[in-house]
Amino acid sequence: MKVAVFGTRKYDLDSLSAAVNATTGIELKFIDPSLDMTTSLLAEGYEAISIFVNDTCNDDVLQELHKRGVKYIALRCAGYNNVDLSAAAKLGIKVTRVPSYAPEAVAEFAVGMIMTVVRKYHKSFLRVREGNFLLDGLMGFSLAGKTVGLIGTGKIGLITGRILAKGFCCNVLAHDPYPSPEAADNGIKYVDTLAEMLRQCDIVSLHCPLTAQTRYIINDDTLAMMKPGVVLINTSRGGLIDSYSLIRALKSGHIGAVGLDVYEREAEYFFADSSAKIIHDDVFARLLSFYNVFMTGHQAYLTQEAIRRIADTTIQNLKDLEATGTSPNLISI
């Protein structure tokens with residue numbers, strides 16, 4: 001099977017090459033640009049393509065892929081909000097994903113992000129490098145005894161809750177329309193409504209998928225429900241937060257600190273070097289300007305273990321599709 005791998009980074013090339021070397025029948029073509037309407041022509045002659053979180057795979061792109069003979073799309077991630085599954089199904093294009101590859105990595109990163117914005121590691125690091133050892137402006141607070149609210153308790157949410165409850169002695173609450181039977185064992189208590197949970201929390205961390213129901217789950221109304229000085233963390237998907245609402249809450253001083261590993265319009269900037277470019281997204285630029293906003297470039301998953309799992313599962317998905325036309329990780333609608 002010939003496979004075009006879009007949005008290739010060095011770690012993709014290394015890990016996928018290693019995974020495919022252990023098998024036969026898969027021929028990979030690594031392509032630097034992400035998939036969109038313009039780059040879809042590069043899929044000509046390939047039976048399958050592989051894409052990541054910020055590739056565009058809407059109805060128009062899928063039509064182009066179908067014309068060029070693409071039968072399979074292998075996502076190198078768990079989320080699939082960037083793929084129009086209905087359009088893919090109508091065209092007979094099968095889509096697979098990597099359902100679980102880095103729950104520990106993302107959970108650990110989320111907790112690290114909490115510690116960073118609360119204890120201001122990033123600010124201290126920059127000061128000390130310049131010979132400034134003043135402690136003014138670096139006051140934080142202890143996590144022990146604080147109430148943390150989790151929106152979503154899938155694998156990542158459960159692990160995050162366990163670390164915070166059992167490692168930091170936090171009071172961990174959660175809201176999820178599909179409660180996990182493992183939550184109590186991880187020190188997590190469910191709250192009936194989102195509003196009830198938000199009103200109690202010193203820290204709110206997002207761990208739910210991006211769906212029509214969860215898009216902008218953090219908005220003017222839900223932000224107003226939170227305590228003054230609340231810390232907000234998002235290592236899930238950028239579209240969970242209405243960025244305009246977040247800016248308003250930051251400008252008013254209602255939010256104490258924000259940690260973001262994702263942004264709703266990140267595709268234009270993330271996974272690329274934009275240091276010598278002008279950021280034309282004024283909302284993004286405004287968020288970066290706040291002294292109490294700490295942002296990273298969608299790296300929460302990026303560990304050696306996760307990259308290996310992504311590569312191994314992606315190649316296995318492709319092998320299964322070639323051999324049987326289906327896969328245990330096939331996404332159905």
Side-chain angles (χ1 to χ4, degrees), residues 53 75 77-86 89 95 97-104 106-107 109-111 113-114 146-166 170-227 230-243 245-246 249 258-264 300-301 328-333:
V53 294
L75 286 159
C77 53
Y80 46 87
N81 53 282
N82 57 328
V83 180
D84 187 331
L85 294 178
S86 297
V95 184
R97 66 181 183 129
V98 183
S100 178
Y101 54 86
E104 299 87 0
V106 178
F109 193 90
V111 174
M113 186 166 268
I114 291 171
K146 294 299 187 293
T147 298
V148 180
L150 307 175
I151 300 180
T153 52
K155 291 182 179 180
I156 296 170
L158 287 175
I159 296 170
T160 304
R162 184 180 72 223
I163 295 170
L164 291 167
K166 301 193 174 185
C170 294
N171 172 35
V172 181
L173 306 179
H175 177 72
D176 193 317
Y178 305 100
S180 170
E182 301 174 33
D185 290 340
N186 286 285
I188 302 168
K189 303 173 188 175
Y190 282 109
V191 178
D192 290 337
T193 67
L194 179 60
E196 183 184 351
M197 186 192 81
L198 294 178
R199 281 192 283 266
Q200 301 180 58
C201 293
D202 302 294
I203 301 166
V204 175
S205 189
L206 307 183
H207 300 284
C208 56
L210 178 60
T211 66
Q213 292 72 38
T214 61
R215 181 173 291 277
Y216 294 162
I217 194 170
I218 301 301
N219 52 49
D220 286 319
D221 293 336
T222 50
L223 286 165
M225 296 172 189
M226 299 180 193
K227 288 182 178 181
V230 68
V231 172
L232 179 63
I233 304 293
N234 188 9
T235 55
S236 185
R237 287 291 185 267
L240 298 173
I241 298 177
D242 182 336
S243 298
S245 296
L246 180 58
V258 178
L260 302 173
D261 187 49
V262 289
Y263 169 63
E264 61 177 314
Y301 76 99
N329 297 319
L330 190 70
I331 305 171
S332 57
I333 58 172

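Values below: every heavy atom of this structure, side chains too, minus hydrogens, waters and symmetry copies.
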Next item on the list: Kindly write out the residues that satisfy side chain to side chain donor-acceptor pair (under 3.5 Å) with Thr214, not counting sequence neighbours, or none if the list is empty.
Entry: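 Thr214 satisfies side chain to side chain donor-acceptor pair (under 3.5 Å) with Thr211 only.
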Item checked: For Asp242, all residues meeting side chain to side chain donor-acceptor pair (under 3.5 Å), sequence neighbours excluded -> Ser245
Between [atom1] of [X] and [atom2] of [Y], what distance do you get to the nearest 0.5 Å?
X	Y	atom1	atom2	value
Met197	Asp176	CE	CG	10.0 Å
Leu194	Leu173	CG	CG	11.5 Å
Cys208	Asn234	SG	CG	8.0 Å

Margin query: Does Val204 form a side-chain contact (heavy atoms from CB on, under 4.5 Å) with Val230? I'd like the steps, not just the answer.
Written below: CA-CA 7 Å; Val204 175; Val230 68; 4.1 Å; yes
Next item on the list: Using the test salt bridge (charged side-chain N to carboxylate O under 4.0 Å, His left out), find all partners of Asp220 that sit at least two apart in sequence or belong to another chain.
Entry: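 Arg248.
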Next item on the list: Check step by step if side-chain contact (heavy atoms from CB on, under 4.5 Å) holds for Asn81 and Val53.
Entry: CA-CA 8 Å; Asn81 53 282; Val53 294; over 6 Å; no
Notebook entry, point to check: Quick one: are Leu150 and Ile188 in side-chain contact, heavy atoms under 4.5 Å?
Noted result: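 When only atoms from C-beta onward are counted, Ile188 and Leu150 do touch, with a gap below 4.5 Å.
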Does [X] have any side-chain contact (heavy atoms from CB on, under 4.5 Å) partners at least two apart in sequence or in another chain, and if so, which?
X	value
Val83	Ile51, Cys57, Leu75, Leu85, Val95
Cys170	Leu143, Val148, Leu164, Phe168, Val172
Thr235	Val106, Phe109, Ala110, Met113, His207, Ile233, Asp261, Ala300
Ile218	Ile151, Leu206, Thr222, Leu223, Met226, Leu232, Ile241

Note to self: Per the salt bridge (charged side-chain N to carboxylate O under 4.0 Å, His left out) rule, what does the pair list look like for residues 199-215, sequence neighbours excluded?
What the structure shows: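 Non-adjacent pairs meeting salt bridge (charged side-chain N to carboxylate O under 4.0 Å, His left out): Asp202-Lys227.
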Next item on the list: Mind jotting down which residue pairs meet the salt bridge (charged side-chain N to carboxylate O under 4.0 Å, His left out) criterion with at least one end in residues 231-241? Sequence neighbours excluded, please.
Entry: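 Checked against salt bridge (charged side-chain N to carboxylate O under 4.0 Å, His left out) - neighbours excluded - no pair reaches residues 231-241.
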Checklist line | Counterpart residues, ring-ring contact (aromatic ring centres under 6.0 Å, His included), relative to Tyr80 (two or more places apart) | finding: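 Not a single residue meets the ring-ring contact (aromatic ring centres under 6.0 Å, His included) criterion with Tyr80.
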Tell me which donor-acceptor pairs under 3.5 Å the side chains of residues 97-104 have, and how far apart each pair is, sequence neighbours excluded?
residue	atom	partner	partner atom	Å
Arg97	NH1	Ala78	O	3.0
Ser100	OG	Lys155	NZ	3.4

Check: Does any pair with a residue in residues 184-194 pass side chain to side chain donor-acceptor pair (under 3.5 Å), and if so which ones, sequence neighbours excluded?
Finding: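 Qualifying pairs: Thr153-Tyr190.
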Notebook entry, point to check: Any idea which heavy atoms bring Gly187 and Lys166 closest together, and the distance?
Noted result: N-CE, 4.2 Å
Notebook entry, point to check: For the residue pair Asp221 and Asn219, what are the closest heavy atoms and their distance?
Noted result: N-OD1, 2.9 Å
Item checked: Check against side chain to side chain donor-acceptor pair (under 3.5 Å), Gln200 and Thr147 -> CA-CA 7 Å; Gln200 301 180 58; Thr147 298; 6.0 Å; no
